[in-house]
Amino acid sequence: MTSFSFIHAADLHLGSPFQGLALKDAGVAEMFIEASRKAFAALVDQALERKVDFFIVAGDVYDGDWKDNKIGLFFNREVARLERGGIPVFLLKGNHDAESVITRTITLPANVSDFPVAKPGTFKIPHLKVALHGQGFAERSATDNLALSYPQPEPGWFNIGVLHTSLTGREPHASYAPCSVEDLRSRGYDYWALGHVHDFEIVAQDPLIVFPGNLQGRSIREQGAKGAVLITVEDGRASHERIIVDGARFAEYALAVEPEENLPGLLRRLEASLDEVAERMEGRPLALRVRLTGRTALRGELLSRVQDLRDEVQAACHRCHQDIWLEKLDLRLEPPLAPESSEPGLALEGLLSASEFPEELLAEAEARLAEISARLPGGLGAGELALGADARGLLSEARDLLLARAVRT
Ligand SMILES: [Mn+2]
């Protein structure tokens, strides 16, 4: 059997909305917005350099319907580079770019084949004796076990199954085209090119079943290095190598504030401890969520000047590395265990420190949150709450802020 190689990518999510940084700077935001497109262009560069034989995208090329044709024009331009390099491209529609979801089209080059959505289809590359089997999504929701109706393998050929699926469940990813590893094995194929789950995962070795993960992290929930896989097949055996192409990264860092520490001391310690974070950037801009925890007498002061604190934390990040951008400052501070009883405002604190909020207040806050959330752009789906906290969390934050101000005056 001939030896050959191909790239397996998934979940490009082109056009995905940007989640934002603490610093409101359009130029910096643009760097992160551009990252998804740059990552795909970098992958196309790799495919051309390594002269792979074909290229698979296992669903969710697009994040959703296009506002205009900009995304379609970008994708066409990149896959046309693959066409000029003689590399065929096989696309599968996932839940985000299901047939019914994407209403606009741009005519793609002739090297692009799109798997059917009504039933599984097979594309063949005769000179390599490769057969690719796949079925895309007609609708956003796919509750059937699609894998079970995939065709019999082509005898003596290298058979690849392409499928957008959550398998038997991969939290927090929604359940689509559910199936088990045994269902996939039962098809008798040599490789399964999966999509949907945004973390890289080798699901099985025999045959090789792979989630390449998404090409580019888009929020704090998608951390670490991102990319696709290069699959090399020799004598019918597939082996994999990750190709990391992300153009920006997300990370979290938690620091426990010492009880007696002052603000300059805290900032100096943060700056010094971010060195280990900077090592994980590998030359990319980093959106960093900083979480401050611990019991500190500074809590009231920090909470009442949160915007200044945010800027100071951003400044400390920049003193460590010019491309660490504060994604969010998450304050989880607690007051010291034994507050001085002579401090003014403690009566108010006693008044407000009841552990539960009245039901009517909670209901009112929840209703307002729902109203605001409904107006925010959708996008990343389950997980992150629109304002970063639930009604109870936001009410606690408001109470703490009020207390801090009352105590200071
Ligand atoms: Mn998906």
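Indexing begins at 1, ligand by ligand and atom by atom, following the structure's order. In what follows, residues are counted from 1 in the order of the sequence shown.
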Visitor: Does a sphere of radius 6.0 Å around CZ in R140 hold more than 12 heavy atoms from other residues, nucleotides or ligands, not counting ones at 6.0 Å or beyond?
Guide: yes
Visitor: What I want to check is whether the side chains of T293 and R332 have a donor and an acceptor closer together than 3.5 Å.
Guide: no
Visitor: Only one of H13, R221, K226 passes side chain to side chain donor-acceptor pair (under 3.5 Å) with H198; say which it is.
Guide: H13
Visitor: Any side-chain donor-acceptor pair under 3.5 Å between H318 and Q322?
Guide: no
Visitor: Show all protein N/O/S atoms under 2.8 Å from the Mn ion (ligand 1), or state that there are none.
Guide: D60 OD2, N95 OD1, H164 NE2, H196 ND1
Visitor: Looking at CD1 of I87 and CZ of R50, how far apart are the two atoms once the value is rounded to the nearest 0.5 Å?
Guide: 12.0 Å
Visitor: Enumerate the side chain to side chain donor-acceptor pair (under 3.5 Å) contacts for residues 104-123, please, sequence neighbours excluded, ordered by first and then second residue.
Guide: K93-D114, T122-H133
